[in-house]
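In what follows, a single structure is set out as structure tokens and then discussed.
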Amino acid sequence: MIEIKAVSSQFAHGASMMRSTILSLAALALASGCAEIPRPAASASTAEAIRFDRKSPEWRGERLAKYRCADCHSVDHGETSPVPDAPSFGAIANTPGLSSAMLAQWLRDHGNYPDEMYFEIPAEHVDDLAAYMVTLRRN
């Protein structure tokens, strides 16, 4: 029982010291005006990740492209497609005369897909994917 009291007493002393330290740090922060610590600037990859409003078709299309299409196609700027025969989305988007409506129609027409594509794009996501892809056009 004596050992338990000694440990309990040491614990209480340690907790008291911790409270004292925390209070000292809080007082120091208040005295210094609680200056906000500057945050580092967002990296390019962070800026890229949040370049579209989360409610926009472009954002939904980008998510679909990155999760369903990126195994074969390059789906962003300056990338090489993992499968050499799969055109990059940037190359597709920069096809002369291609409009968003034409691209969406092509995506809807499952008969045009190469045999290598082993999945279908759900109809409700076609316009989102086309909207994202045209954002990859070079000006």
Side-chain angles (χ1 to χ4, degrees):
M1 192 67 152
I2 293 174
E3 290 179 29
I4 293 174
K5 284 185 179 180
V7 170
S8 178
S9 174
Q10 288 175 350
F11 178 76
H13 177 70
S16 174
M17 291 294 293
M18 186 175 283
R19 271 193 302 269
S20 176
T21 302
I22 290 171
L23 288 173
S24 295
L25 289 173
L28 181 62
L30 286 172
S32 67
C34 293
E36 187 174 314
I37 298 172
R39 295 181 184 201
S43 68
S45 61
T46 303
E48 288 291 313
I50 56 173
R51 66 183 169 196
F52 303 116
D53 180 276
R54 288 182 177 241
K55 295 179 182 176
S56 71
E58 293 84 2
W59 186 85
R60 291 188 303 268
E62 181 181 35
R63 300 278 68 82
L64 177 69
K66 289 188 178 194
Y67 292 110
R68 297 288 307 273
C69 308
D71 286 346
C72 297
H73 297 273
S74 162
V75 298
D76 211 341
H77 293 284
E79 296 178 349
T80 302
S81 292
V83 174
D85 291 338
S88 71
F89 278 19
I92 294 168
N94 286 288
T95 300
L98 183 71
S99 69
S100 180
M102 289 169 56
L103 180 57
Q105 186 59 47
W106 187 86
L107 292 169
R108 279 187 193 87
D109 184 5
H110 291 39
N112 284 342
Y113 289 153
D115 292 335
E116 292 84 9
M117 290 183 64
Y118 53 87
F119 70 92
E120 293 184 8
I121 300 168
E124 64 270 16
H125 297 295
V126 167
D127 290 331
D128 295 341
L129 187 57
Y132 167 67
M133 289 177 73
V134 297
T135 68
L136 299 174
R137 288 185 178 152
R138 290 183 299 267
N139 293 334

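Only heavy atoms go into these numbers, but all of them, side chains included; no hydrogens, no water, no symmetry mates.
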What residue pairs, at least two apart or across chains, pass salt bridge (Lys or Arg N to Asp or Glu O under 4.0 Å) with a residue in residues 126-135? Arg60-Asp128, Arg108-Asp127
Looking at SG of Cys69 and CD of Glu62, how far apart are the two atoms once the value is rounded to the nearest 0.5 Å? 11.5 Å
Contacts of Thr95 that satisfy side chain to side chain contact (heavy atoms under 4.5 Å, CB included) - sequence neighbours left out: Leu98
Drop me the distance from Ser74's OG to Asp76's CG, to the nearest 0.5 angstrom. 7.0 Å
Tell me whether Leu136 shares a hydrophobic cluster with Val83, the cluster being built from Ile, Leu, Val, Met, Phe, Trp, Tyr side chains joined at under 4.5 Å. no
Could you report the tightest heavy-atom contact between Cys72 and Ala86, atom names first, then the distance? O-CB, 3.2 Å
Test ring-ring contact (aromatic ring centres under 6.0 Å, His included) applied to His73 - qualifying residues, sequence neighbours left out: Phe89
Between atom OH of Tyr132 and atom CG of Leu129, what is the distance when rounded to the nearest 0.5 Å? 9.0 Å
Taking all heavy atoms of Pro87 and all of Ile92, pick out the closest pair and write down the distance. CG-CD1, 3.9 Å
Compare every heavy atom of Ala104 with every heavy atom of Val126, then report the nearest pair and how far apart it is. CG1-O, 3.2 Å
Under the side chain to side chain contact (heavy atoms under 4.5 Å, CB included) rule, collect the residues that match up with Asn94, sequence neighbours excluded. Arg137, Arg138
Can you see which heavy atom on Trp59 is nearest to which on Asp53, and at what distance? CB-O, 3.1 Å
